[in-house]
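Only one structure is covered here, and it is reproduced in the block below.
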2 protein chains.
Amino acid sequence: MSQQRHGSTPGNAPGERTGAVTAFPDLPEATIARLPEYLRALHNLGGAGADTVSSEGLSAAAGVNSAKLRKDLSHLGSYGTRGVGYDVTLLIEQIEYVLGLDQRRAVCLVGLGNLGHALAGYDGFASRGFKIVALFDADASKVGEEIQGLTVRHIEELGRAAVEENIAIGVIATPAGAAQAVADVLVDAGVTSILNFAPCVLSVPANVDVRKVDLAIELQILSFHEHRKASLTALPGGRSATAAGNQEAVGS
Amino acid sequence: MSQQRHGSTPGNAPGERTGAVTAFPDLPEATIARLPEYLRALHNLGGAGADTVSSEGLSAAAGVNSAKLRKDLSHLGSYGTRGVGYDVTLLIEQIEYVLGLDQRRAVCLVGLGNLGHALAGYDGFASRGFKIVALFDADASKVGEEIQGLTVRHIEELGRAAVEENIAIGVIATPAGAAQAVADVLVDAGVTSILNFAPCVLSVPANVDVRKVDLAIELQILSFHEHRKASLTALPGGRSATAAGNQEAVGS
DNA sequence: TAGATTGTTAATCGATTAACAATC
DNA sequence: TAGATTGTTAATCGATTAACAATC
């Protein structure tokens, strides 16, 4: 994995969040990371006309085992019906509520190189309810460029704009050398969630959540497995193939 | 997280790999995912002139705690010197060996939409030793286009080309609807590692490793944390900030 | 020798999983 | 009632962490 931690890491004592009990469910990190996958599967099932789905059916669609799915959903409360399954619409609503997807969160993108350009136009964000509302770059030659209906602004405007436009999530797609400075500006502007595509560790206050996506690291992990498999097939007991899917997802 | 599993998942009995003991280290999945991060930190340190680094120093640069780093490195064998630290060059070599980065692995990219375009030109691949050697798309209007010195070929050529050019890793950046068919072709062509950017679960044989990167899922996970934090600050005991970094990385 | 730092141990924690009682 | 399927339990597994003995 290549995710940076939140909450339970040093600097965040257990139970520090609040003395009072809150209605907000305290979900295991692993569960949180799977909820979006369940949501996607549910949207597919709903679109295909299903009213109800069993843990077996939904878990297959999401690529996990059914016990894990039921355990995950049990953390949200009890929304299934024994002997029947889960109501698709109800479960979608519940997961969207927990993930906070019923609220619009303004996203800004910093760094409009190759990758930033693609992210600015990435359908998958819009189709799943996220809208990038502001673009920034340090390169004067990029400032003023129109991308997806937005004008690229100079990074010096980032701080003020992030406050004024109430940016909740900042996406960093700059080179590694610039990322920490951008993160600092975002944090100062009150942004508390950062998605970092730059290949570097960011240092942020404990209340700020950072997720990191490092595309090269993904390839390196696959390279390890290629190496491992090659070392096995080179041996007498080496195998070529067996059966069903074995996949790992980024995040954690 | 949103990684698909490998190895230890159903269909892969423990110890099935081989009856014989192999020299290849059997690393915990969590360790494997961190090795690339250590490697990046080591390259930075080496570039800055360091010959030697302590577990404290390296772990800080990689954003993990030092006990975890030492534990991870101990799986590779003993390459540190008590009282001194780790030899930077030696450790780089060792990690690169384990990750199989001393061998060139041909990578192909399928799907040249917005994201695929960016991936084709992504500096981070080349700078860390991966070279995309072939591009494919189903859209006739894209076929023939030159990107980064490569000509986009029609997806019907994928199978034959993947065999002939000995492709080891396939990157899927198609829409979700096309991804499984592409994966099937890759698998038939003998590709055993897939990096999937399409928002869907792929079904592949047990010997094929799939890692999934879902950019929207990352935002949804951040959205959860935004929602959680908002529900806390709305309470009497709500806090605004505390201290040092809390980050999570995509991947296992 | 004294100081520093690794490699390992053992305790703890969180996540996974199979099994099944509860219940529709 | 009989069949189906959830929600929960408890066992297991893997990962994290602090502490420290080994050793440079």
Side-chain angles (χ1 to χ4, degrees), chain A residues 1 3-15 25-35 38 52-60 62-88 90-91 94 246 248-249 251-252, chain B residues 1 3-15 25-35 38 52-60 62-88 90-91 94 246 248-249 251-252:
Chain A
M1 207 160 326
Q3 279 322 28
Q4 296 185 283
R5 304 314 309 288
H6 88 111
S8 54
T9 10
N12 223 347
D26 202 358
L27 305 177
E29 201 58 36
T31 296
I32 297 161
R34 282 188 294 262
L35 290 179
Y38 301 154
T52 256
V53 64
S54 67
S55 63
E56 201 61 55
L58 180 54
S59 68
V64 303
N65 92 20
S66 65
K68 193 186 285 185
L69 171 79
R70 288 197 301 278
K71 183 82 167 170
D72 284 339
L73 295 185
S74 76
H75 291 295
L76 306 184
S78 292
Y79 293 91
T81 306
R82 289 163 138 105
V84 178
Y86 299 90
D87 182 283
V88 172
L90 188 66
L91 193 50
Q94 176 60 12
N246 53 340
E248 252 186 279
S252 194
Chain B
M1 221 163 309
Q3 279 322 24
Q4 298 184 285
R5 303 314 311 288
H6 87 112
S8 55
T9 12
N12 223 348
D26 204 357
L27 304 178
E29 201 58 36
T31 297
I32 297 162
R34 283 188 293 263
L35 290 179
Y38 301 154
T52 258
V53 64
S54 68
S55 62
E56 202 59 54
L58 181 53
S59 67
V64 304
N65 90 23
S66 66
K68 192 187 285 185
L69 171 80
R70 287 197 301 277
K71 184 82 170 168
D72 284 339
L73 295 185
S74 74
H75 292 295
L76 307 183
S78 292
Y79 293 91
T81 306
R82 288 165 141 106
V84 178
Y86 299 90
D87 181 283
V88 171
L90 188 67
L91 193 51
Q94 175 61 11
N246 53 339
E248 252 185 282
S252 296

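As a basis for the values below, the full set of heavy atoms in this structure was taken, side chains included, without hydrogen atoms, waters or symmetry mates.
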> NZ of A:Lys68 versus P of D:dC13: gap in Å, rounded?
Replying inline: 16 Å

>> Whole angstroms only, please: what is the NE2-P distance between B:His75 and C:dT6?
In response: 16 Å

> Between A:Ser54 and B:Arg82, which has a closest nucleotide on DNA chain D that is more 5'?
Replying inline: A:Ser54

> Between B:Ala62 and B:Tyr38, which heavy-atom pair has the shortest distance, and what is it?
Replying inline: CB-CD2, 3.6 Å

> To the side chain of B:Ala67, which of D:dT17, D:dT6, C:dT6 is closest?
Replying inline: D:dT17

> Does B:Leu76 reach the side chain of B:Leu27, with side-chain heavy atoms less than 4.5 Å apart?
Replying inline: yes

> Does a side-chain heavy-atom distance below 4.5 Å link B:Ser59 with B:Val64?
Replying inline: yes

> Rounded to whole angstroms, how far apart are CG on B:Asp72 and P on C:dT8?
Replying inline: 13 Å

> Could you give the CG-to-P distance, from B:Asp26 to D:dC13, as a whole number of Å?
Replying inline: 15 Å

>> From C-beta outward on B:Ala30, which listed nucleotide comes closest to its side chain: D:dA22, D:dT6, D:dT16?
In response: D:dT16

> When the nearest nucleotide of DNA chain C is assigned to B:Glu56 and to B:Lys71 on a heavy-atom basis, which residue is associated with the more 5' position?
Replying inline: B:Glu56

> Atom OH of B:Tyr79 to atom C1' of C:dT5: distance rounded to whole Å?
Replying inline: 19 Å

> Which nucleotide, in any strand shown, forms a Watson-Crick or G-U wobble pair with C:dC24, with both distances under 3.5 Å?
Replying inline: D:dG3

> Between C:dA15, D:dT17, C:dC20, which one does the side chain of A:Arg70 approach most closely?
Replying inline: C:dC20

> What do the steps show when you test A:Thr81 against A:Thr52 for side chain to side chain contact (heavy atoms under 4.5 Å, CB included), and what is the final call?
Replying inline: CA-CA 10 Å; A:Thr81 306; A:Thr52 256; over 6 Å; no

> Closer to the 5' end of DNA chain D via nearest nucleotide, is it B:Asn65 or B:Gly83?
Replying inline: B:Asn65

>> Rounding to an integer number of Å, can you tell me how far A:Leu73 CG sits from D:dT5 P?
In response: 16 Å

> Whole-Å distance between D:dT6 P and A:Leu76 CG?
Replying inline: 14 Å

>> In the structure I gave you, are the side-chain heavy atoms of B:Leu91 and B:Leu73 within less than 4.5 Å of one another anywhere?
In response: yes

> Which of the following nucleotides, C:dA15, D:dT16, C:dT8, is nearest to the side chain of A:Glu29?
Replying inline: C:dA15

> Do any side-chain nitrogens or oxygens of A:Ser55 fall under 4.0 Å of OP1 or OP2 in D:dT5?
Replying inline: no

> Does C:dT17 have a Watson-Crick or wobble partner in any strand here, with both distances under 3.5 angstrom, and which is it?
Replying inline: D:dA10

>> Output the rounded distance in Å from CG (A:Asp87) to C1' (C:dC24).
In response: 15 Å

